[in-house]
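Notes to accompany the following structure.
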There are 2 protein chains.
Amino acid sequence: MAKQNNVFKDAFNRCVKLLEQSASLPSEPELGAALGVSRTTVRAILTRLEDVGLLAWEKRRKIVLRKPLASDYFPTEETDSLSEIIERSFMRRILAGGAEPGMQINELELAREIGIGTTSVREFLIRFSRFGLIEKRPNSHWVLKGFTREFALELTEVREMFELRSAAAFARLPAEHPAWLELDAIESVHHAILGDIENRYLDFSELDERFHLLVHRASKNRFIVDFYDVIAIVFHYHYQWNKTNARQRNARAMEEHLAYIAALRSRDPTQIEDACRRHLKSARETLLQSIN
Amino acid sequence: MAKQNNVFKDAFNRCVKLLEQSASLPSEPELGAALGVSRTTVRAILTRLEDVGLLAWEKRRKIVLRKPLASDYFPTEETDSLSEIIERSFMRRILAGGAEPGMQINELELAREIGIGTTSVREFLIRFSRFGLIEKRPNSHWVLKGFTREFALELTEVREMFELRSAAAFARLPAEHPAWLELDAIESVHHAILGDIENRYLDFSELDERFHLLVHRASKNRFIVDFYDVIAIVFHYHYQWNKTNARQRNARAMEEHLAYIAALRSRDPTQIEDACRRHLKSARETLLQSIN
DNA sequence: CATTTGTCTTTTATCGGCAATAGACAGATC
DNA sequence: GATCTGTCTATTGCCGATAAAAGACAAATG
């Protein structure tokens, strides 16, 4: 086995979905652009669609033969990229499992446990090391620094510096900047989720990321925007892991977001700083509570 | 060929130097601790020392037989780690060579050019990507974002936020904290270099890094300290590359450092902020000048 | 009895190789 | 003449294998 073919499988699934509401398919380059893959992969997809009897394909003629069934799709486990699989597996180990700070991390062991080669694990650990949770001892093992109180405090300290500055920059965006439209869209999703909070409070995690990333982008600084990856991954797994009082916490955070959004619209620096600080303070508290 | 044996070669050279002023060598664990390598490597070194007739080794008895010659050392090119070799080669390409922003980076080509395997190049690029100069297109090439004016501005923006905060934290360190002693040491190196500026102005680069890293460490925030890597690498290659007016620039920067150090000692927040801002401003200007 | 040494096992760093995927080019088609 | 398809090549992502380096453990030594 060399490369996974998850790009193919994932694009295939998306193509089948596309095909559910259409009688034919567009040209190969167009399809490639729609699915975000190369023509090579498009042709592999078309070949398979033909093999399973979903499509009659001859040159430019691509006619859908029948409605797709659930069994036509690849199972979702097979569409994830290796790095996603490793990330999940690794985060489960260090967040859920009894992972003491100072613990050694063994590339070979991790690789065997997940059932993959060591190269992928190494590459993952190198990429992951920028989140500040692990550290390399050259020619030797990695050390887990752990999801500790110090980590959370250091993370939020930088987050607050960056977000205050980004929020201030946001207020200075010209009125015709697309970010304002996106802000409107985000605001209305807030109202929608709050209106059906019982059923939808878990949608907050994704919305939270979308909102804060929009704010950070206003800084127009790659280091600030990139740092948001660290925050996003920590909060992402934090939300998945710690569900106590989730509904109440998320509702409160959304109210804070709405105040923050209103402040951004006012373009008044003091109001923005207040709303931003208030929200970040409660986000920090929530995170800290989940640690001790 | 699997692993380089540069750890062995580098430790061997350091051991030969140790042996220049000593009639015998200590125990294996002690020697390992002194050289920062494992006993396995120590024993390989001892074996070779014996082979080339520098040492009589029998169990605990390790007697130096003769003074080492220049030819006993491994050539310095062989003691560098692969990642250092790749880094130098890569930085030369993107700083010196006509490397346009937007240019594609090809792993295979880079590997062939340096004469190494693709895995090492990939790992280097992944590690290097946190410096914000390159970006990965998954399943495809890397894109060079380039050492541009925007890059320098974004970098210095974050640097200024971090350093101002770190400098403020420095002033709050207790009087018995070892950082104050290190600050004294750094100050006296400044005086020493300024006293012989004609010959020693190139020593500034290393001193600059030592000083600013000390300040950043006072933040006690891993993200701030880690970010200093980005600054350090940029300024390191910048100093190597751009030597116009180096003596004058370095002398000026050292004067600014001395004022900055005095301000830190005063522990007065306003004075510190002033001195820090003044120095960072001129550092930014120097960096920008080298770009356009 | 605390170190040191001899011996052995485990892990890391790196390589070459291969399938998946991207991408280039010329001829075919509308 | 712009776009599409057929075909071919180049590059990435991943694996297994191997030498270098770390490290574990027991016997030996002072």
Side-chain angles (χ1 to χ4, degrees), chain A residues 1-11 26-32 35-46 57-62 81-83 85-86 104-112 114-126 136-142, chain B residues 1-11 26-33 35-46 57-62 81-83 85-86 104-112 115-126 136-142:
Chain A
M1 219 183 318
K3 221 177 175 176
Q4 312 283 108
N5 59 351
N6 68 297
V7 171
F8 161 71
K9 287 179 176 171
D10 182 55
S27 74
E28 295 173 15
E30 208 171 320
L31 204 50
L35 298 171
V37 295
S38 74
R39 257 189 72 219
T40 308
T41 305
V42 167
R43 300 188 113 236
I45 292 170
L46 292 173
W57 175 34
E58 210 211 340
K59 305 204 170 181
R60 299 178 184 216
R61 189 160 292 179
K62 308 183 189 74
S81 77
L82 243 196
S83 44
I85 294 169
I86 304 176
Q104 294 183 195
I105 297 165
N106 186 313
E107 294 175 5
L108 204 57
E109 191 187 318
L110 252 171
R112 277 193 291 240
I114 311 177
I116 58 174
T118 49
T119 313
S120 314
V121 171
R122 275 177 73 78
E123 290 185 1
F124 167 77
L125 291 172
I126 294 171
K136 177 135 196 60
R137 299 288 146 86
N139 285 307
S140 184
H141 50 264
W142 292 81
Chain B
M1 219 185 317
K3 222 177 175 176
Q4 310 283 103
N5 58 350
N6 67 299
V7 171
F8 160 71
K9 286 179 176 171
D10 182 54
S27 76
E28 295 174 14
E30 209 171 318
L31 204 50
L35 297 170
V37 295
S38 75
R39 258 189 70 221
T40 308
T41 305
V42 168
R43 300 187 113 238
I45 291 169
L46 293 173
W57 175 32
E58 210 211 338
K59 305 203 170 182
R60 301 182 183 212
R61 190 160 291 179
K62 308 184 188 75
S81 77
L82 243 196
S83 43
I85 294 169
I86 303 176
Q104 293 182 195
I105 297 165
N106 186 315
E107 294 176 4
L108 204 56
E109 190 186 318
L110 252 171
R112 277 192 292 239
I116 57 174
T118 49
T119 313
S120 313
V121 170
R122 277 176 73 77
E123 289 185 3
F124 167 77
L125 291 173
I126 294 171
K136 179 138 195 58
R137 299 289 146 84
N139 286 307
S140 185
H141 50 264
W142 292 80

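The sequence lines fix the lettering, A, B, ..., with proteins before strands; numbering per chain opens at 1.
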- Task: Rounded off to whole Å, could you give me the CD-to-P distance for the A:Glu107 and C:dT11 pair?
- Result: 11 Å
- Message: Does A:Arg112 reach a base, just sugar-phosphate, or nothing at all? Heavy atoms under 4.0 Å.
- Response: sugar-phosphate
- Using whole Å, report how far CZ of B:Phe124 lies from P of C:dA13. 16 Å
- Task: Nearest whole angstrom, please: distance from the C1' of C:dA13 to the CD1 of A:Ile126.
- Result: 10 Å
- Message: Output the rounded distance in Å from CG (B:Asp10) to P (D:dA21).
- Response: 10 Å
- Task: Find the distance A:Asn106:CG to C:dT9:C1' and express it as a whole number of Å.
- Result: 13 Å
- Residue B:Glu30, side-chain atoms from C-beta onward, closest of C:dT4, C:dT5, D:dT12: C:dT4
- Note on the structure: In whole angstroms, the gap separating P of C:dT12 from CD of B:Glu123 amounts to 12 Å
- Rounded distance (Å) that lies between atom C1' of D:dT29 and atom CZ of B:Arg61: 13 Å
- Protein-to-nucleotide contact annotation, 5' to 3' order, nucleotides 15-22 of chain C [B base; S sugar-phosphate only; - none; under 4.0 Å, heavy atom]: BB-BBBBB
- Item | Residue whose nearest DNA chain C nucleotide is more 5′ - B:Glu28 or A:Arg60 | B:Glu28
- Let me know the distance between CG of B:Leu31 and C1' of D:dA21, rounded to the nearest Å. 16 Å
- Task: Nearest 0.5 Å please: distance from the CD1 atom of B:Ile105 over to the NZ atom of B:Lys136.
- Result: 10.0 Å
- Item | Below 4.0 Å: OP1/OP2 of C:dT3 and any side-chain N or O of B:Lys59 | no
- Is the distance from OP1 or OP2 of D:dT11 to the nearest side-chain N or O of B:Lys136 less than 4.0 Å? no
- Spatial distance of atom CZ (A:Arg122) from atom CD1 (A:Ile86) [nearest 0.5 Å]: 12.5 Å
- Could you tell me the separation between the CZ atom of B:Phe124 and the CD1 atom of B:Ile85, rounded to the nearest 0.5 Å? 12.0 Å
- Closest contact, heavy atoms only, B:Lys62 versus B:Glu28: NZ-N, 4.0 Å
- Return the set of residues passing side chain to side chain contact (heavy atoms under 4.5 Å, CB included) with B:Lys9 (not counting sequence neighbours), or none when no residue passes. B:Asn5, B:Phe74, B:Glu78, B:Thr79
- Side chain to side chain, B:Leu35 and B:Thr41, heavy atoms closer than 4.5 Å: no
- Query: Rounded to the nearest 0.5 Å, what separation is found between the CH2 atom of A:Trp142 and the CG atom of A:Leu125?
  - Reply: 5.5 Å
